[in-house]
Amino acid sequence: EAAVTQSPRSKVAVTGGKVTLSCHQTNNHDYMYWYRQDTGHGLRLIHYSYVADSTEKGDIPDGYKASRPSQENFSLILELASLSQTAVYFCASTTGTGSAETLYFGSGTRLTVL
Amino acid sequence: KTQVEQSPQSLVVRQGENCVLQCNYSVTPDNHLRWFKQDTGKGLVSLTVLVDQKDKTSNGRYSATLDKDAKHSTLHITATLLDDTATYICVVGDRGSALGRLHFGAGTQLIVIP
């Protein structure tokens with residue numbers, strides 16, 4: 001069974017602080033994604049990666065950095081956390097070989113910035 | 001502008017009843033459409049992927065249709081169970097590869113009562 005593990009499950013951060021969200025997959029997938037989910041809205045893509053040591057900007061990258069040090073690990077970094085970044089963050093992975101390929105999601109990290 | 005609209009926003013049904021969830025979209029091109037189930041506080045779990053111009057899929061008590069001419073999809077849940085209580089999310093992919101963008105709806109919250 002494919003698995004995507006996110007840590008921490010929840011996090012409270014102070015405005016201006018640095019936050020790192022981690023994602024680990026054991027699926028041997030090339031593609032990994034970071035999304036944020038806000039109440040009443042669809043998920044939005046922040047950053048993604050299709051190979052280790054390389055990341056790409058998604059639709060809402062401002063205020064976020066990403067790091068893909070290995071195929072298995074993909075981190076999302078908030079250098080200066082702001083109130084507007086309070087949300088639930090999801091990591092996902094897929095093989096990327098076609099449209100019918102299953103997309104696997106982690107359980108999410110609930111981030112609260114105070 | 002929201003490109004994937006789901007209706008109803010929320011729905012309450014009694015256990016054993018059938019229900020239909022709607023998804024209308026304006027995404028172009030529309031390579032494929034996915035339905036996900038999201039339990040409260042959990043990640044998204046894939047239910048089905050529809051690819052063809054007029055497509056139908058079936059996965060146990062879940063069945064789905066897609067009409068690309070109408071840019072419309074439905075998710076049918078037959079003989080609902082309490083465990084079907086969740087948010088159901090419609091997602092439209094604009095390309096056949098993982099580099100394409102996924103456009104997420106805000107979801108339909110389904111509550112199944114005894």
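Convention: sequence-line order gives letters A, B, ...; per-chain numbering from 1.
Using a 4.5 Å cut-off between heavy atoms, A:Asp30 does not touch chain B at all. Heavy atoms closer than 4.5 Å to chain B are found in both the backbone and the side chain of A:Leu43. For a residue to count as touching a neighbouring chain, one of its non-hydrogen atoms must lie under 4.5 Å from one of that chain's; by this rule A:Arg110 does not touch chain B. In this structure, chain B has a heavy atom under 4.5 Å from the side chain of A:Gln37, while its backbone stays farther away. In this structure, the portions of B:Leu44 lying under 4.5 Å from any heavy atom of chain A include both its backbone and its side chain.
Note on B:Tyr62 and B:Val49: separate hydrophobic clusters, where clusters join Ile, Leu, Val, Met, Phe, Trp and Tyr whose side-chain heavy atoms are under 4.5 Å apart, directly or indirectly. Follow the hydrophobic side-chain contacts under 4.5 Å out from A:Val88 and you never reach A:Ile60; the two are in separate clusters. A single hydrophobic cluster is seen to contain both B:Val112 and B:Leu11, as judged by linkage of ILVMFWY side chains at heavy-atom distances under 4.5 Å, directly or through other members.
Residue B:Arg34 holds its CZ atom at 5.5 Å from CG of A:Leu103, rounded to the nearest 0.5 Å. How far CG of B:Leu102 is from OH of A:Tyr35: 4.0 Å, rounded to the nearest 0.5 Å.
Counting heavy-atom neighbours within 6.0 Å of B:Gln15 CD, excluding the residue itself, gives a total above 12. Shown here is B:Asp69, whose CG atom has more than 12 heavy atoms of other residues, nucleotides or ligands within 6.0 Å. Residue B:Lys54 places its NZ atom among more than 12 non-hydrogen atoms of other residues, nucleotides or ligands, all under 6.0 Å distant. Within a 6.0 Å radius of NZ in A:Lys11, other residues, nucleotides and ligands contribute 12 heavy atoms or fewer.
When every heavy atom of B:Ala106 is checked against every heavy atom of A:Gly40, the shortest pair comes out as CB-O, 3.5 Å. Heavy-atom minimum distance, A:Phe90 versus B:Gln38: CZ-NE2, 3.2 Å.
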